Amino acid sequence: MADLTDGEKITRLFDNEAKFESFMNSYNSYAASNGEIVESLLTMVQNFKNLYNTIVNRGAWTTGTNYAVNDIFSSSGTWYIVLVQHVSGVFATDLTNKKFEVYQGVTFATLGDSNAASLLGFIQLGANAVTQSIERKLREGAVSPWDFYNGTDMHSAVAACFASSAKKITLAGTDWVITSGITSSVSNRQIWADGGSITANTGSQITALTITGQNTQVSININGNDKIAVGVRFDARGGKLKNSIITNIKGVTGFAAGVYFNNVPGSVKQCDITNVIGTSNGIFGDGIGSARAVLFFTDHDIEDGKCIVKDCYFDYVEGDDGDIVHFQGNSASGFYYKMNGLLDNCFMKNADRRFVKAQCSEVTISNNIIKQVAGVLSGNGNDVGCINAFLGNNIKIINNNIETVSAFNGIQVTGDAARVLDNIEIFKNNVKADNNVTAIYVEYINTGEIEKNNINGGSNGIGAGYCKPGFKICNNNINGGATSTGYDITLTSTNDGIHVFGNTSNDNGNRLYMLFNNCPNAKVYGNTNYGSTSAMIRPTASAAGSMYWDNTNYSSSPTYAIPSLTDIANQIIFNGNNLGTGGTGGYGGKTVFVKGNP
């Protein structure tokens, strides 16, 4: 080493530093000079390191100056650091001979320091950009549980990460195991899966992730592992769940939900939510297993936000009260609360009770595909529908495709005696039902319509009760199927003055009547029956004041199967109808006006 410069000697010693440290650590049995040889070597190395790592600012460069290693100086706006001790001569010559080089702001030692990133500069491309430190740029990016992971405790790393003040959190491609619930309280935060996930490993009735910070955007994958009750719960406004997968949620001792918006609006978009199971003692006070893939709950009208579920995939929600999407806006009195809700373009299959429960006012359910697969779940919905809305005004059910099996009506909308509903629109839906259900059923409707729906099967096609003159059943196409034994349209005695027009029956089986009319003051006109054997219209004694005109029958069965004179109320009027080959079936005397019927 005699021929080496001081700088080269220092470099050589740094290259061998690891060897010296290893030598010291393995020298437990060496007894010469009581270890003084090792100690002397380490002292020498440290002295050289101290010399090398000590930076001295010498100001502007001047010729004829004695510069030491790690001195820094400036020249023409650029800073340089001395590599070799020397007396400065010609600047260009010394630079060529590598006696100094451009100073980058750090040395060998400071690069590994915890504050090193604060010493490194960064400037963004573009006009008027200013220099920032690498430290600041990194902190503008996402924080992950890796920043807090000690190598053994995943849960603590996740909890610390979400407890930080970071605006962006990433799971960074890792499956993180949690043993209790995690809370995110920072507003305007973004949470990304980035190929990572959260898996539960707990037997408690917990929520995996609770959001208490406003305007939080979440894209996350959660595997409940059948050990947690709720996947994600939003307790603050503006929550958005998107591009997420939530699965295997089980209420160990009660209620279960994939996503739960607690008294706040928000949105769920482009998510897959599957395998949600509720057991006994659900939160709805009924002591049964309540399960929801998505639950929006409110105890007030939502006027300044929306409750949205869009472009999602749902499969398998089990429980005595198992619904896929539930808009819950119960009110102790009056109509149920306004939810400003939208359920659009989702695929749903296999619910234990309802696919959609709209327990609110102001919701649109549109463009969804709903399929109950026979034999997958038992079905506990004897008096409910695949889409079930009740006690709320301004309900729109539009352009859905529904395939239902036993115990599931296709669409059901109901009010009650104190809350007769307005603005109910059931429009352009396709409903395929088996012979145990009614495809579309409504009760207590003041204004609205069942219009342009296509119905296949069902014990009844369309049923209505307690409806008022402002309600219409019109322009529907109804196909009863080979084994259907009910009615295409059935009106109970509790209706009054509703309009039924433009409907077409194409039954090829055992339907009894296209229209079974047991209500007063009905206006029935422009309907057509192509059924092979079904009679067209069957008014009963309760159909007083009803009018029938411009209806056409192509069935071989009687057009009007009317009971005896003693059972018929006065003022049932038939006018301008085409009876076809089926004949009249007997009107039964002067109480029925038959003017104009061919």
Side-chain angles (χ1 to χ4, degrees), residues 365-372 385-387 396-405 408-413 424-442 445 448-464 467 471-491 495 498-517 522-538 548-557 559 577-580 582:
I365 303 163
S366 56
N367 305 310
N368 301 288
I369 297 174
I370 295 174
K371 183 179 178 63
Q372 183 70 10
C386 288
I387 298 177
K396 300 181 184 298
I397 303 173
I398 302 172
N399 201 37
N400 300 282
N401 286 281
I402 302 170
E403 184 173 342
T404 180
V405 296
F408 287 81
N409 292 333
I411 299 171
Q412 181 168 312
V413 181
I424 305 302
E425 182 179 355
I426 302 173
F427 182 70
K428 282 190 174 181
N429 299 282
N430 294 303
V431 182
K432 182 179 180 181
D434 72 8
N435 298 321
N436 298 301
V437 302
T438 297
I440 301 175
Y441 182 74
V442 296
I445 311 296
E449 59 271 335
I450 300 174
E451 182 178 5
K452 293 185 179 179
N453 298 281
N454 187 51
I455 298 170
N456 288 277
S459 59
N460 295 303
I462 298 173
C467 294
F471 185 70
K472 303 170 185 177
I473 300 173
C474 55
N475 302 316
N476 298 284
N477 183 49
I478 305 170
N479 299 278
T483 59
S484 299
T485 58
Y487 312 107
D488 288 329
I489 301 173
T490 176
L491 310 177
N495 294 289
I498 68 175
H499 291 240
V500 182
F501 61 90
N503 299 286
T504 300
S505 172
N506 291 285
D507 293 324
N508 58 0
N510 299 317
R511 284 275 209 235
L512 300 178
Y513 307 100
M514 177 187 178
L515 173 68
F516 182 82
N517 182 26
K523 306 298 186 289
V524 181
Y525 52 95
N527 300 286
T528 303
N529 180 31
Y530 291 98
S532 59
T533 58
S534 60
M536 185 171 186
I537 299 173
R538 168 45 160 104
Y548 307 86
W549 70 93
D550 294 334
N551 299 290
T552 300
N553 180 45
Y554 292 98
S555 171
S556 60
S557 295
T559 301
N577 300 284
N578 184 351
L579 307 183

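Remember, it's a predicted structure, so these values are computed and weren't measured experimentally. Only this structure's heavy atoms are used, side chains among them; waters, hydrogens and symmetry mates stay out.
Of all the heavy atoms in Val431 and Ala439, the pair that sits closest is CG1-CB, 3.8 Å. Of all non-hydrogen atoms in Gly461 and Thr438, the two that sit nearest each other are O-CG2, 4.0 Å. Listed here is the closest heavy atom pair of Ile473 and Ala464: CD1-CB, 4.3 Å. Of all the heavy atoms in Gly410 and Ile402, the pair that sits closest is O-CD1, 3.9 Å.
Separation of atoms OH (Tyr530) and CG (Asn477) is listed at 10.0 Å; rounding is to 0.5 Å. Taken from OG1 in Thr504 to CG in Asn454, the straight-line distance is 10.5 Å, to the nearest 0.5 Å. With rounding to the nearest 0.5 Å, the separation of NZ in Lys523 from CD1 in Ile498 is 10.5 Å.
Looking at residues two or more places apart in sequence or on another chain, you find a side chain to side chain donor-acceptor pair (under 3.5 Å) between Asn517 and Ser546, Tyr548. By the side chain to side chain donor-acceptor pair (under 3.5 Å) test, Asn401 pairs with Asn430, sequence neighbours left out. Contacts of Glu449 classified as side chain to side chain contact (heavy atoms under 4.5 Å, CB included), with partners at least two apart in sequence or in another chain: Glu425, Glu451, Lys472. When the ring-ring contact (aromatic ring centres under 6.0 Å, His included) test is applied to Tyr525, the partners found at least two apart in sequence or on another chain are Phe501, Trp549. Residues satisfying the side chain to side chain donor-acceptor pair (under 3.5 Å) criterion with Lys452, sequence neighbours excluded, are absent altogether. Asn475 pairs by the side chain to side chain donor-acceptor pair (under 3.5 Å) definition with nothing, not counting sequence neighbours.
Looking at heavy atoms from C-beta onward, Ile424 lies out of side-chain contact with Ile397 at the 4.5 angstrom threshold. Annotation: side chain of Val442 is in contact with side chain of Phe471 (closest heavy-atom distance under 4.5 Å). Side chains of Ser366 and Asn399 form no contact here, defined as non-hydrogen atoms less than 4.5 Å apart. At a threshold of 4.5 Å between non-hydrogen side-chain atoms, the residues Ile462 and Ile478 count as touching. In this structure, the side chains of Asn527 and Leu515 stay at 4.5 Å or more apart for every pair of heavy atoms. Asn409 has its side chain out of reach of Thr404: every pair of non-hydrogen atoms, C-beta onward, lies at least 4.5 Å apart. Residues Asn503 and Ile489 are in side-chain contact: their nearest non-hydrogen atoms beyond the backbone lie under 4.5 Å apart.
Looking at Asn551, its side chain does come within 3.5 Å of a backbone N or O of Val524 through a donor-acceptor pair.
Counted by atom type alone, Ser505 and Asp488 present one or more donor-acceptor pairs between their side chains at under 3.5 Å.
Partner Asn429 forms a side chain to side chain contact (heavy atoms under 4.5 Å, CB included) with one of Ile411, Ile387, Ile365 and no other, that one being Ile411.
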